[in-house]
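Encoded as structure tokens, the structure appears first; notes follow it.
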Protein chains: 2
Amino acid sequence: MFIELDLQSEVPIYKQLADQLIEGIASGKLSSGQPLPSVRTLAADLGINLHTVNKAYQALKQEGFLEIHRKQGVIVQPGSLPSADEAFRERLRRDLRPLAAESAARGMSEDELQELLLSLYRQIQNPSSQGGTSP
Amino acid sequence: MFIELDLQSEVPIYKQLADQLIEGIASGKLSSGQPLPSVRTLAADLGINLHTVNKAYQALKQEGFLEIHRKQGVIVQPGSLPSADEAFRERLRRDLRPLAAESAARGMSEDELQELLLSLYRQIQNPSSQGGTSP
DNA sequence: CTATCTGTTATACTATATATATAACAAGTA
DNA sequence: TACTTGTTATATATATAGTATAACAGATAG
């Protein structure tokens, strides 16, 4: 897998994992219906506990990004991915708010902030254009 | 004060407080050099513990948004506010990244996401245009 | 049918973060 | 001197995060 964890980070491991799986979906590295490693396999690969992987999988299943079946294991949502509904937008606003506020307090302009976000968004959708090990 | 806490939120109280103080600075409701309530006074006002207020104050002092003097108490940075330097931008990118990724995964377009952020930014800089108790 | 793999559940334990509660200290001020 | 300030030090309670084992039930390959 393409997962890279920072065990020293203050960001919980299960959240780093869930975030990177979502990023994989957003970028297309994980495609609809694609199977993911079992909780035991991925845990062993990453050197973490089975329950930590399971916690990330469960969170993404809850959000609708994954489906989980017996024996078949975990697969990326084969149907339509969850939408940016009002509930998500509200959560998004709540999370963005303190970031926008501190940016403003530090004198970052609208344009600068938007530019930074746009750059991130595009980098996520087209990861090959960034930091790759090209010849 | 204008602080409103949600004691049931999963967001730590000291972070809610720090965030709203920064938002006060960004909006101009808190101006340069303005004194803030003592840790004991504000704690009593908000119905929380002195140390929780102190934790928020210390974090903002550490970032450079506040100055703290003996007896004179706590004041908003009278000099120049902290800038949006590269360290901040890096932290900002790290925090924005999972939000941008999930937005993309849910099919939210660049424009929609930028629009939402822009709306928030402006709402913060001009809070009187939102949710006020107008006649 | 049997062995094996899957997610799932249940305990138990440790460590850390959050929040509160008291108490005391040192410095500045009226 | 008396009071308020931030600061420091303990102690306690709770929740979250992470690990470690163990066991269970369903699906599948042999």
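Numbers restart at 1 for each chain; the letters A, B, ... are given by sequence-line order, proteins then strands. The analysis underlying the following values was restricted to heavy atoms, covering all of them including side chains, and did not include hydrogens, waters or symmetry mates.
At whole-Å resolution of the value, CD in B:Q62 and P in D:dG6 are 18 Å apart. Computed from coordinates, the A:I13 CD1 to C:dA15 C1' distance equals 13 Å when rounded to whole Å. When rounded to the nearest whole Å, the span between OH of A:Y14 and P of D:dG18 equals 7 Å. Spacing between atom CD of B:Q8 and atom P of D:dA15 amounts to 12 Å, rounded to whole angstrom units. With rounding to whole Å, B:H69 atom NE2 is found 11 Å from C:dT29 atom P. Look at CG on B:L5: it is 13 Å from C1' on C:dA19, rounded to the nearest Å. Here the C1' atom of nucleotide D:dA25 and the CD1 atom of A:I68 are 16 Å apart, to the nearest Å. Distance A:E67 CD to C:dT6 P: 19 Å, rounded to the nearest Å.
Of the side-chain N and O atoms in A:K55, none sit less than 4.0 angstrom from OP1 or OP2 of D:dG18. Between B:S38 and D:dT5, a side-chain N or O to OP1/OP2 separation shorter than 4.0 Å is present. Taking 4.0 angstrom as the limit, B:N54 places none of its side-chain polar atoms (N or O) nearer than this to OP1 or OP2 of D:dG6.
Here the closest non-hydrogen pair linking A:F88 and A:S83 is CB-O, 4.5 Å.
Nearest-nucleotide positions on DNA chain D for A:R70 and A:G47 put A:G47 closer to the 5' end. Between B:T52 and A:V39, the residue whose closest nucleotide on DNA chain C is further toward the 5' end is A:V39. Toward the 5′ end of DNA chain C lies the nearest nucleotide of B:N49, the other residue of the pair B:N49 and B:R40 mapping further downstream.
Using a 4.0 Å heavy-atom cutoff across all strands shown, A:K61 reaches sugar-phosphate atoms only and no base atom. If you check every strand for non-hydrogen atoms under 4.0 Å, A:Q58 touches sugar and phosphate atoms only. Nucleic acid contact for B:E10: none, since no nucleic acid atom lies under 4.0 Å from a heavy atom of the residue.
Exactly one of A:I22, A:I75, A:L36 qualifies for a side-chain contact (heavy atoms from CB on, under 4.5 Å) with A:L66. That residue is A:L36.
With hydrogens and angles ignored, no donor-acceptor pair under 3.5 angstrom links the side chain of A:H51 to the base of D:dA17.
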Residues 96-104 of chain B side chain polar contacts: donor-acceptor under 3.5 Å, at least two apart:
from, atom 1, to, atom 2, distance (Å)
B:R97, NE, A:E23, OE1, 2.9
B:R97, NE, A:E23, OE2, 3.2
B:R97, NH2, A:E23, OE2, 2.6
B:E102, OE2, A:R91, NH2, 2.8
B:E102, OE2, B:R106, NE, 3.0
B:E102, OE2, B:R106, NH2, 3.2
B:S103, OG, B:L99, O, 2.8

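Note that CE of A:M108 and CD of A:Q114 are 12.0 Å apart. Values are rounded to the nearest 0.5 Å.
For B:E90, the CD atom is loosely surrounded, since the number of other residues' heavy atoms within 6.0 Å does not exceed 12.
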